[in-house]
Amino acid sequence: MNNKEFWIGMSITVVVALLIGMGGFTGYAMVQHRLKSEPKVESTKQSSTSKKKEAEKIKLTDKNKLIALMETPGIDNIGISAEQLAKGKYQSHAVGAENQPARDVSKITAEPQDVSGAIKNIPDKEVQFYAIEPNLGNAGTGLLIEKDQVTLFGAQNTVDYETLMAADNKASVTLTNKQVEKTLADNKALTKQIEDKIDIQEQDDASKTAQAFDDLTQPMQLALLVNQAAKSEGATPNLNSQYDVYLGTANEIGIHATDVSDMQKANILITDNHNDTFTYENLTGTSTNDYTWEKGETVSKQTLLKALNTDKQNINAIANKVNLATSSEAFPFRDPSSQNSAESNAAANTESNPNTPANTQGGTAANTESKTAAPANPVDQAHYKRMDGAIDAAAKGQVTSDDIINSNDYGHYFNDPKGHNMSKADLESRIEDVKNFYN
């Protein structure tokens, strides 16, 4: 929709009467307006002042409305504040970010999107909605512009309009147009500092950006998602690991880094919102049997694409490590209670790694069918499936269990500093099961 600006001017009615008499005429002007009429000299002076005030009047553009919200006290619990943008630093609210240093921010981008993907039961459909980036990492930040008011809010999922506007909703701030004008008038210096750091995109620009993302190859798109997950944690993505991709569940993208032992860093879960944005989920919990996924930051295709300018080398490296062999399967780390899914989902992706103990000892690391019982949790299920070749070699006497445990490829499964230590006894039991299979 087109943004409307409301201008209030003083209407002046000039009535000119000409009285014509014999031999001549008399003319006079009568000026009417809401204020008491002044003498001609004073009226001219006042008119000049009024024009100056009108020229200085704050325009209610979408940018100014966003700036006013960013200047509102306490807004840093919902989005990046004006003060934070001016300083170039903000504190992320993502899981674990409290122990990380403040993050850099040099620009705020407002990307127009379909409001129906963010707010339901909205009474007035003639509104403007923007996704604001960067957000704080724990939820998406949205800007809703209505005829007489504007709202900045944080949400992890689609929110009901009535809930959004509730007086006790601490995840939203609403200003009327008059409050916007007053806030900007009270913060002129701060507004001037940040106004060039805010980019309000046009709908066409956003559409072109989304199309540019869609035109990339699937491995490149997935590499951008992996890269963003690492950047959100203030880290660098692992460029040596293979990334198994799971797309078997509608609207869900699961990615597992096979050579990363830290469960939280190894697994990425993303929801495709189908509105040119993706929502990441954060894995919480330290036990491999007891963990949950919580909604995290929402990022747009535009944000992901920016990394091609800054991290292209890393993204290309990740794209080369993307494994789509598992793409038809459901993500095995979605639910710790899904004991059987990981076993079947990992079956199609046992690695052929030339450095595995099996290959170094003359054995084979081919994709063999599992001959052992499923372990107690989905993380171990997938890890053991990747060790099928090594277990097979051990069953044939080509390597020992200690060779596997001390290898560069699988040692981290048994020596995880965060406490995820797979059992040597269980490994040896599995080797014994394979021996019995062959016998």
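The figures here come from the full heavy-atom set of this structure, side chains too, leaving out hydrogens, waters and symmetry mates. Keep in mind it's a predicted model, so treat the numbers as computed, not measured.
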Original post:
Glu428 and Glu432: side chain to side chain contact (heavy atoms under 4.5 Å, CB included), yes or no, with the steps?
Top reply: CA-CA 6 Å; Glu428 291 179 338; Glu432 191 65 30; over 6 Å; no

**OP:** Run the numbers on Val159 and Asn169 for side chain to side chain contact (heavy atoms under 4.5 Å, CB included), then give the verdict.
**Re:** CA-CA 11 Å; Val159 63; Asn169 184 2; 5.6 Å; no

Subject >> From CA spacing to verdict: side chain to side chain contact (heavy atoms under 4.5 Å, CB included), Leu216, Leu305 >> reply: CA-CA 10 Å; Leu216 295 173; Leu305 276 175; 3.8 Å; yes

Original post:
When you look at Asn273 and Gln113, which way does the side chain to side chain contact (heavy atoms under 4.5 Å, CB included) test go after all the steps?
Top reply: CA-CA 12 Å; Asn273 299 315; Gln113 293 182 4; over 6 Å; no

**OP:** Begin with the C-alpha distance, continue with both residues' side-chain angles, and end with the deciding distance and a verdict on side chain to side chain donor-acceptor pair (under 3.5 Å) for Asn251 and Asp272.
**Re:** CA-CA 5 Å; Asn251 308 322; Asp272 185 343; over 6 Å; no

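For the pair Asp259/Asn240, no side-chain contact is recorded, criterion being any heavy-atom separation below 4.5 Å from C-beta on. With a 4.5 Å cut-off on side-chain heavy atoms, Val127 and Ile119 do not count as touching. Under the 4.5 Å side-chain criterion, counting only non-hydrogen atoms from C-beta, Leu269 is not in contact with Leu283. Between Leu143 and Gln128, every side-chain heavy-atom pair lies at or beyond the 4.5 Å cut-off. At least one side-chain heavy atom of Ile198 sits under 4.5 Å from a side-chain heavy atom of Leu85. Here the side chains of Leu136 and Ile80 are in contact, with some heavy-atom distance below 4.5 Å.
Residue Tyr243 holds its OH atom at 9.0 Å from OG1 of Thr258, rounded to the nearest 0.5 Å. The structure places CD1 of Ile255 at 12.0 Å from OG of Ser327, a figure rounded to the nearest 0.5 Å. Interatomic distance, NZ of Lys65 versus CG of Leu184, reported as 11.0 Å (0.5 Å rounding). The line from CG of Asn267 to CH2 of Trp293 is 5.0 Å long, rounded to the nearest 0.5 Å. Atom-to-atom distance recorded for Ile253:CD1 and Tyr246:OH is 14.5 Å, nearest 0.5 angstrom. How far CD1 of Ile132 is from CD1 of Ile108: 7.5 Å, rounded to the nearest 0.5 Å.
By the 6.0 Å contact criterion, CD on Glu195 is enclosed, its count of non-hydrogen atoms from other residues, nucleotides or ligands being greater than 12.
The side chain to side chain donor-acceptor pair (under 3.5 Å) search around Gln84 returns Ser81, not counting sequence neighbours. Residues meeting the salt bridge (charged side-chain N to carboxylate O under 4.0 Å, His left out) test with Lys178, sequence neighbours left out: none. In this structure Lys107 satisfies the salt bridge (charged side-chain N to carboxylate O under 4.0 Å, His left out) test together with Asp199, sequence neighbours excluded. The salt bridge (charged side-chain N to carboxylate O under 4.0 Å, His left out) search around Glu252 returns Arg334, not counting sequence neighbours. Remark: Ser92 pairs with no residue by the side chain to side chain donor-acceptor pair (under 3.5 Å) rule, at least two apart or across chains. Judged as a side chain to side chain donor-acceptor pair (under 3.5 Å), and not counting sequence neighbours, Glu294 has no contacts. Applying the side chain to side chain donor-acceptor pair (under 3.5 Å) test to Thr72 and every residue at least two apart in sequence or in another chain returns nothing. When the salt bridge (charged side-chain N to carboxylate O under 4.0 Å, His left out) test is applied to Asp160, no partner is found at least two apart in sequence or on another chain. Scanning for side chain to side chain contact (heavy atoms under 4.5 Å, CB included) contacts around Ala319 gives Pro219, Met220, Ala223, with sequence neighbours left out.
Sorted by first then second residue, the salt bridge (charged side-chain N to carboxylate O under 4.0 Å, His left out) pairs that include residues 302-325, not counting sequence neighbours, are Lys231-Asp311. For residues 295-304, the set of pairs meeting the salt bridge (charged side-chain N to carboxylate O under 4.0 Å, His left out) definition, not counting sequence neighbours, comprises Asp214-Lys301, Asp276-Lys301, Glu281-Lys295. Residue pairs that meet the ring pair (Phe, Tyr, Trp, His ring centres under 6.0 Å) test with at least one member in residues 212-236, sequence neighbours left out, are Phe213-Phe278.
With Tyr280 contributing its side chain and Leu225 its backbone, the two residues share a donor-acceptor pair below 3.5 Å. Put simply, the side chain of Thr326 never gets that close to the backbone of Glu329: no donor and acceptor are under 3.5 Å apart. Here the side chain of Asn314 pairs no donor or acceptor atom with the backbone of Asn227 at under 3.5 angstrom. With hydrogens and angles disregarded, no donor-acceptor distance shorter than 3.5 Å links the side chain of Thr151 to the backbone of Leu144. Checking side-chain atoms of Lys63 against main-chain N and O of Ile200 turns up no donor-acceptor pair under 3.5 Å. Under a 3.5 Å cut-off, the side chain of Ser429 and the backbone N or O of Ala425 do not form any donor-acceptor pair. In terms of modelled atom types and a separation under 3.5 Å, the side chain of Asn64 and the main chain of Glu181 share no donor-acceptor contact.
Shown here for Leu304 and Leu224, the closest heavy-atom pair between the two residues is O-CD2, 3.2 Å. Ala68 and Thr183 make their closest contact through O-CG2, 3.5 Å (heavy atoms, listed as atom of the first residue, atom of the second, distance). Shown here for Lys424 and Ile405, the closest heavy-atom pair between the two residues is CG-CD1, 3.5 Å. Residues Leu324 and Gln218 approach most closely at CD1-OE1, 3.8 Å, considering heavy atoms. Contact between Gly296 and Asn282 at its shortest, heavy atoms only, is CA-ND2, 3.5 Å. Ala86 approaches Gln193 most closely through the heavy-atom pair CB-NE2, 4.0 Å.
Defined by atom type and a distance below 3.5 Å, a donor-acceptor pair is missing between the side-chain atoms of Thr298 and Asn135. No hydrogens or angles considered: a donor-acceptor pair under 3.5 Å links the side chains of Thr191 and Glu71. Asn275 and Thr277 form a side-chain donor-acceptor contact under 3.5 Å, judged by distance and modelled atom types alone.
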